[in-house]
Amino acid sequence: MLQTQATSGNSLLAVDGVSVHFGGIVALDGVSFDIAPGQIAGLIGPNGAGKTTLFNCLSRLYRWQGGRIVFDGQSLLDIPRHRIATVGIGRTFQNLALFRSMSVHDNVMLGRHCRTRSGFLSNALRLPRVVREERASAEQAAQLVAFLGLEADADKRVSDLPFGTQKRVELARALASEPRLLLLDEPACGLNHEEVHALGKLIHDIRGRLGITVLLVEHHMSLVMSVSDKVVALNFGRKIAEGTPAEVQQHPEVVQAYLGNGD
Amino acid sequence: MTPASPLTAASAAPGKSRRIALAVLLLAICALPFLVTNYHTFQLTMVLVYAIALLGLNILTGYNGQISLGHGAFYAIGAYVAAILMDKWGVPYWATVPVAGLVCLAAGFLFGLPALRLEGLYLALATFALGVSMPQLLKYKHLEYWTGGVQGIVIMKPDPPFGLPINQDQWLYYFTLAIALVMFLLGWNLLRGRVGRSLIAIRDQPIAAEAMGVNNSLYKSLAFGVSAMYTGVAGALGAIAVQFVAPDSFNIFLSITFLVGIVIGGLASIPGAIYGAIFIQFVPNIADQISKAAPWAIYGVFMIGFVYLMPVGVAGAIRIAWARIRRGSGRNGQQ
């Protein structure tokens, strides 16, 4: 107990004994780990291990029945769902959750929502500060669109774009909220070999150039092992290993979990 | 329900030629009452009234994705607020319009709060309940002193102010036009920025919207309030133009007609509200002229024809046609 408190002191995210069950099914069973600021952490495990469940707890989509999640010294339970982005947790979704009828630019602009303030009345009156805020957001959105190489598609409807491009739009949208912790839910899923390679470089850039801490759920082992500073392995809702990529890769329970599933 | 991206269309550079076109259009709209009969001027006033109501419903249903089958109720509240204020307190007609808007803003917001728990068809049902009960609530005998019961309230037609050399119908047209322009400008501002994006985001992908920091509950109930406010303003203007309110003018058919208007005109489109208003004002008349025996059957044929030929509404069809023309001229320019 003392130990976890000590580590949560200098960690950005502290997951402490978190349990989630749906009816009789245990999705997470006392999972604990920390992420230090500036780390890239990988979360691995076979299908149904509880990775996405954990992400959904971090987004406050699910309630956890036991344990604590602390982000930057603040208990996540004290933060309503729509304030999660404001405190600095951004995310992408496993099966894409873009605003399909909007352009790429507008999707990224929406990512700025939590960093902007203007309301119904000031928007209707288009007060000067609304115009200024919009202009600043548009500039930042344009920078992110460029950072992710989406300039050519900026004004296109996202639903007209290929899957790989849509994934980059989601990343741009998440980055637009200026997160301190970025949650990436299977960013490599559905990407081809070259795109996965580019993604690895991108994740490094996000940490290196933007200084954002990254937590990544991924099945693509070579990607996780090449970008992560630390890896946490889950199986059947329990943490089975934690450590450097090399350590986790050789951990007998991890080997068994993957081979046992024929994965 | 996935209308074409309205934001990109709206922000597509209002260039110089577009501004000139808009000015010419506005001039033509101002000249209209001098070119047509008084009755037609009245009909055009009603187009403006409906356009405001449809913009309101479009904010809720088209942009925010909350279906309302009961907006006739807010229209009725706006109309009765205006009529009662004039009838009982002698409030000048122009002052009743903002009051009607504010009353409906509050009513819509309050109705929007419990509606947060409902989605899709369930919300449609709840709003239907509101729309279907409104005429009978207005006939409620303890309210009769205010509402005039089944008889309703007769309103005096306002005279043009400042000794303007125009008749009453023409004045009402310009009065309504001025308010419509203000309401459309406010609506356009609201929808083209941070709030409009959030409303669409909630419609497209509510979980992601919330994960990006949008307070879905607040935005959805405010959208309900603003939507009802627009419809209430329209109701007040409609009451002044028609010079009469009675419970049975605001039956459930009015609510359905509004929904017809936004779908035919174009969901999540600001000009769509105007096209829809033209449809719901004139097509019943045209149908009536075609067949006195079965006007609603003709109306039905028109409706099916419109949705078949323009599956994304009139606004969508115009947008597609316009894009095609521009692409065509662009190709010619390159040669």
Side-chain angles (χ1 to χ4, degrees), chain A residues 55-56 58-61 80-87 89-93 96-127 130-131 133-134 137-138 154-160 170 173-174 176-177 183, chain B residues 1-13 59 62-63 65 105 109 182-219 221-223 225-227 229-230 267-269 312 316:
Chain A
F55 261 35
N56 286 340
L58 295 175
S59 301
R60 298 281 273 117
L61 292 172
R81 205 183 287 169
H82 67 269
R83 299 266 312 158
I84 290 289
T86 315
V87 301
I89 302 179
R91 75 170 288 178
T92 65
F93 293 82
L96 291 178
L98 285 166
F99 310 118
R100 297 178 57 79
S101 69
M102 292 199 211
S103 70
V104 169
H105 177 80
D106 283 338
N107 266 276
V108 182
M109 287 287 276
L110 199 284
R112 300 284 312 151
H113 187 92
C114 65
R115 300 288 165 233
T116 46
R117 311 178 49 89
S118 66
F120 274 67
L121 191 60
S122 57
N123 265 265
L125 299 173
R126 194 88 181 165
L127 297 179
V130 174
V131 178
E133 187 184 87
E134 279 282 297
S137 283
D155 293 324
K156 290 189 188 144
R157 244 176 105 111
V158 287
S159 58
D160 296 338
E170 253 210 343
R173 184 181 69 180
S177 67
L183 311 175
Chain B
M1 215 189 298
T2 49
S5 175
L7 292 173
T8 43
S11 58
I59 288 171
Y63 284 89
L105 175 70
F109 182 77
V182 171
M183 296 304 278
F184 270 74
L185 181 66
L186 293 176
W188 180 53
N189 283 341
L190 186 70
L191 294 169
R192 68 177 161 147
R194 180 175 186 259
V195 172
R197 274 194 303 273
S198 307
L199 293 177
I200 297 172
I202 292 170
R203 178 197 72 195
D204 280 4
Q205 187 50 261
I207 290 172
E210 206 152 41
M212 299 301 133
V214 179
N215 187 345
N216 285 11
S217 307
L218 181 70
Y219 269 69
S221 28
L222 279 175
V226 169
S227 170
M229 179 186 79
Y230 270 79
L267 286 165
S269 155
V312 281

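This is a predicted model, so every value here is computed, not measured. Excluded from the calculations below are hydrogen atoms, water molecules and symmetry mates; all remaining heavy atoms, backbone and side chain alike, are included. Residue numbers begin at 1 in each chain, while the letters A, B, ... track the order of the sequences.
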Paired with A:Leu125, the side-chain contact (heavy atoms from CB on, under 4.5 Å) test is passed by just one of B:Leu185, B:Asn189, B:Leu186, namely B:Leu186
Flag side-chain contact, heavy atom, 4.5 Å: B:Glu210 against A:Arg60: no
So do the side chains of A:Asn123 and B:Leu190 get within less than 4.5 Å of each other, counting heavy atoms only? yes
Over all atoms of both residues, closest heavy-atom pair of B:Val226 and A:Phe120: CG2-CD2, 3.8 Å
I'd like to know which of A:Arg117, A:Arg91, A:Glu170, A:Arg115 tops the heavy-atom pair count under 4.5 Å against chain B. A:Arg117
With a 4.5 angstrom heavy-atom cut-off, is it the side chain or the backbone of B:Ala209 that approaches chain A, or both, or neither? both
With side chains defined as the heavy atoms from C-beta onward, is the minimum distance between B:Ile200 and A:Leu110 less than 4.5 Å? no
Least distance between heavy atoms, A:Glu134 atom then B:Arg192 atom: OE1-O, 4.2 Å
Given that the side chain runs from C-beta out, which part of A:Thr116 has a heavy atom under 4.5 Å from chain B: side chain, backbone, both or neither? both
When heavy-atom pairs shorter than 4.5 Å are enumerated against chain B, which of A:Ser159, A:Ala124, A:Ala97, A:Ala176 gives the highest number? A:Ala124
Trace of the side-chain hydrogen bond (donor to acceptor under 3.5 Å, both in side chains) decision for A:Ser118 with B:Arg194: CA-CA 7 Å; A:Ser118 66; B:Arg194 180 175 186 259; 4.6 Å; no
Could you look at A:Glu133 and say if it's the side chain, the backbone, both or neither that has a heavy atom under 4.5 Å from chain B? side chain
Please look at A:Leu121 and chain B and tell me whether the side chain, the backbone, both or neither of the residue comes under 4.5 angstrom of a heavy atom of that chain. neither
Does any heavy atom of chain B fall under 4.5 Å from the side chain of A:Arg173, the backbone, both, or neither of them? both
Are there more than 12 heavy atoms of other residues, nucleotides or ligands under 6.0 Å from atom CD1 of B:Ile207? no
Rounded to the nearest 0.5 angstrom, the CE-CE distance for B:Met212 and A:Met109 is 15.0 Å
Determine the interplanar angle of the B:Tyr219 and A:His113 rings, folded into 0 to 90°, and report it as parallel if under 30°, tilted if 30 to 60°, perpendicular if over 60°. perpendicular
Tabulate, in ascending numerical order, the residues of residues 80-87 of chain A having at least one heavy atom closer than 4.5 Å to a heavy atom of chain B, or enter 'none'. A:Arg81, A:His82, A:Ala85
